[in-house]
Amino acid sequence: MLSRLVLVSGHTLKNSGSFGACLVQASRSFHQSSQSRAPVPPLPEKGGKVRHGIFPEELFTLLYPKTGVTGPYMLGTGLLLYMLSKEIYVINHETFAAASIGAVIIYGVKKFGPSVATFADKINEDKVAEAQEVKDQAMASLAQGIEDEKKEQWRVEGRCMLFDAKRNNVAMLLETNYRERLHMVTNEVKKRLDYQVELQNLHRRMEQEHMVNWVEQSVIKSITPQQEKESIAKCIADLKVLAKTTQAQATV
């Protein structure tokens, strides 16, 4: 019976050309539309509210203003009775099998659903924790990379001052070497000049000594023995007069 319903629905959709055209147009617009770079909203962690396990709460909320509280239930009951009366859906052995299978599924969901949900939530939490850990590690690595980049930029900014200091040091070293060499040249020139001055002084002194010795020898050679005796006598007389004068002054 379910297969008959599927075939009838497929034949009806096949004969409706407008529905196929709409599908083709929608697929074309989907594939040809420009991609949006807007952020995708996150998927909800839990599904919406449902009634009786399969009927969404929005359906009842939509029908409440027009049909009241019992409207959705009357709509479902009327639709089921219509399908049964028109033999769109015929109750047979497949219906009882589907009911049995549905009852087993509902029992399994009610019985094992919470434990399975807890287990699935635990697996999901573990996966989320692993993903969060990977994210935290990536964020920490990126933050460390940003800090390293800022430090390198700071070093690059300080490199100019370092180069200026090195250039100043090199200039000071060159100036020091220049002044040391200039001082060395000055000392060497002064030594040579001092040597020339000492050499001239030596020549002058030797010439003076030679002149004095020559004059002295010439004078000594020119003095006769008689003049020498007279000179000695004169000196003695001068010494006696000087002694008398000194004695007289001491007595007074």
Steps toward side-chain hydrogen bond (donor to acceptor under 3.5 Å, both in side chains) verdict (Q217, N213): CA-CA 6 Å; Q217 290 177 4; N213 293 329; 5.9 Å; no

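Proximity of a side-chain donor or acceptor of N124 to a complementary backbone N or O of A120 within less than 3.5 Å is not detected. Looking at S141, its side chain never comes within 3.5 Å of a backbone N or O of Q137 through a donor-acceptor pair.
The side chain to side chain contact (heavy atoms under 4.5 Å, CB included) test with R167 singles out one residue from V170, N169, D164, and that residue is D164. Across E175, H183, R181, a single residue satisfies side chain to side chain contact (heavy atoms under 4.5 Å, CB included) together with R179, and that is E175.
Follow the hydrophobic side-chain contacts under 4.5 Å out from L193 and you never reach L202; the two are in separate clusters. In the hydrophobic cluster analysis, where Ile, Leu, Val, Met, Phe, Trp and Tyr join through side-chain heavy atoms closer than 4.5 angstrom, I91 is grouped apart from L81. Cluster annotation: L79 is connected to I88 through the hydrophobic network of ILVMFWY side chains, with a link wherever side-chain heavy atoms come within less than 4.5 Å. Connection of V134 to L142 is not established within any shared hydrophobic cluster, with ILVMFWY side chains joined at heavy-atom distances below 4.5 Å, either directly or through further cluster members.
Atoms CZ and CD1, on F96 and I101 in that order, are 13.5 Å from each other to the nearest 0.5 Å. Put simply, OG1 on T77 and CE on M74 are 6.0 Å apart, with the number rounded to the nearest 0.5 Å. Atoms NZ and CZ, from K166 and R159 in turn, are 9.5 Å apart once rounded to the nearest 0.5 Å. In this structure, L239 CG and K244 NZ are separated by 12.5 Å, a value rounded to the nearest 0.5 Å. Expressed to the nearest 0.5 Å, how far CD of E198 lies from CZ of R205 amounts to 8.0 Å. Note that CG of L174 and CE of M172 are 11.0 Å apart. Values are rounded to the nearest 0.5 Å.
Using a 4.5 Å cut-off on side-chain heavy atoms (C-beta onward), L75 and T67 make no contact. Taking 4.5 Å as the limit, some side-chain heavy atom of E149 sits within range of a side-chain heavy atom of Q153.
In this structure, E188 pairs ionically with R192, as a charged nitrogen and a carboxylate oxygen lie closer than 4.0 Å. A salt bridge links R155 with E152: the distance from a Lys NZ or Arg NE/NH1/NH2 to an Asp or Glu carboxylate oxygen falls below 4.0 Å.
Below 30°, between 30° and 60°, or above 60°: for F55 and F60 the angle between ring planes is above 60°, a perpendicular geometry.
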